[in-house]
Amino acid sequence: MLIDTYSRVATDLRVSLTDRCNLRCTYCMPEEGLEWLAKPDLLTDDEIVRLIDIAVTTLGIEGVRFTGGEPLLRPGLAGIVEQVAALDPRPQMSLTTNGIGLKRTAAALKAAGLDRVNVSLDTLRPDVFKTLTRRDRHKDVIEGLYAAREAGLTPVKANSVLMPGLNDDEAPELLAWAVEHDYELRFIEQMPLDAQHGWKRDGMITAGDILTSLRTRFELTEEGSEQRGSAPAERWLVDGGPHNVGVIASVTRPFCAACDRTRLTADGQVRTCLFAREETDLREALRSDASDEEIARIWREAMWGKKAGAGLDDPTFVQPGRPMSAIGG
Ligand code: SAM
Ligand code: SF4
């Protein structure tokens, strides 16, 4: 098991497959992009599968989420999914993507064994999308969302981050669209993980703001947090159901006490938390012929040191050196 000193057990593994991206969301990356990880530093497909194998067979991981950067940019994605699907026990597998390219790949990913996807959709307005992501690709994202549902990568969740002065008036519109098209909508509070360090606590749109805005158009009934109790989205039934909406309030209502996550970066570092300032190197162990037992021991030891909380709302909070796109959101 991956247990820490606060008796939390990690059963959910987030794997970043690349730090590269074809969008430049203002809350994530600067316009000019970032200095990407060098190819030799990235884990190979086989190294990724080996680490997931150890996590699943030895460390009690039950679910794997592929992310990035943009995971659809990883050429070997379908092959990685296929190999992970063949593991025993087979973990639940999902993917967080900006949706660009999903139209082309959704069916193959489903066939390879992917269970479901989360697609980021911050706006229904193409012009706002272009301002927010600095790319004119809104149509591709919507097509990707349609393709995901058609391929059976369900339930498809749509993730939205609201930014002041850009799309903060769109919450009800996004929810109406998600209900109409049968997507599960999750709003995520903007977190201090942008490479430019532009996040401001005072300016951010809070869960409270989002709920107030949604209630101008919908009746929301609190449903409690998602099944396992440890998933971060607090959920509300929309107009009595069956659809629901979730809000992931990492800043204003942190869920660290129930966290069940461990993270692996594209260059083979274990992170105990999105906001951790320390990492533990597994790549070095992999490349110096360490046994599975030794790698599992290093991973366990890293998780044992997991901090109680991220302290986002604390004035002494210091943003981690690695931005969201290189950690894997
Ligand atoms: N590129 C993929 C995507 O956008 O879905 C996967 C990686 S992205 C880092 C994962 C999620 O993190 C996305 O839903 C994105 O909106 C969210 N995200 C990125 N930066 C964020 C920030 N500063 N605060 C909150 N969420 C953020
Ligand atoms: Fe790319 Fe996702 Fe970051 Fe947007 S949030 S720039 S899509 S990694």
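Model, not experiment: these values are computed from the prediction. Numbers here simply count residues along the sequence, with the first being 1. Atoms considered below: every heavy atom in the structure, side chains included; atoms not considered: hydrogens, waters and symmetry mates. Whatever order the structure lists ligands and atoms in, that order sets their numbers, starting from 1.
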Could you go through the salt bridge (charged side-chain N to carboxylate O under 4.0 Å, His left out) check for Arg322 and Asp267 one step at a time? CA-CA 12 Å; Arg322 229 187 240 264; Asp267 55 346; 3.0 Å; yes
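Ion pairing between Arg297 and Glu293 fails under the 4.0 Å rule for side-chain N and carboxylate O. A salt bridge between Asp12 and Arg14 is present, with a side-chain N of the basic residue lying under 4.0 Å from a carboxylate O of the acidic one.
When Ile248, Leu174, Ile205 are each tested for a side-chain contact (heavy atoms from CB on, under 4.5 Å) with Phe187, only one passes: Leu174.
Every residue two or more places apart in sequence or in another chain was checked for a side chain to side chain donor-acceptor pair (under 3.5 Å) with Asp239, and none qualifies.
Of the possible polar contacts, one joining the Glu70 side chain to the Asn98 backbone as a donor-acceptor pair under 3.5 Å is found.
Counting only distances under 2.8 Å, and ignoring water, the protein N, O or S atoms around atom 4 (Fe) of ligand 2 are Cys25 SG.
Protein residues are said to neighbour a ligand when one of their heavy atoms lies under 4.0 Å from it; for ligand 1 these are Tyr27, Cys28, Thr67, Gly68, Gly69, Glu70, Thr96, Thr97, Asn98, Ser120, Asn159, Val161, Ile188, Glu189, Gln190, Met191, Met324, Gly329.
In the hydrophobic cluster analysis, where Ile, Leu, Val, Met, Phe, Trp and Tyr join through side-chain heavy atoms closer than 4.5 angstrom, Leu73 is grouped apart from Leu17.
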Anything under 3.5 Å between a donor and an acceptor, one on a side chain of residues 27-35, the other on a protein residue two or more places apart or in another chain? List them.
from	atom 1	to	atom 2	distance (Å)
Tyr27	OH	Asp122	OD2	2.5

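Side chain to side chain, Ser250 and Glu189 fail the donor-acceptor criterion of an N or O pair below 3.5 Å.
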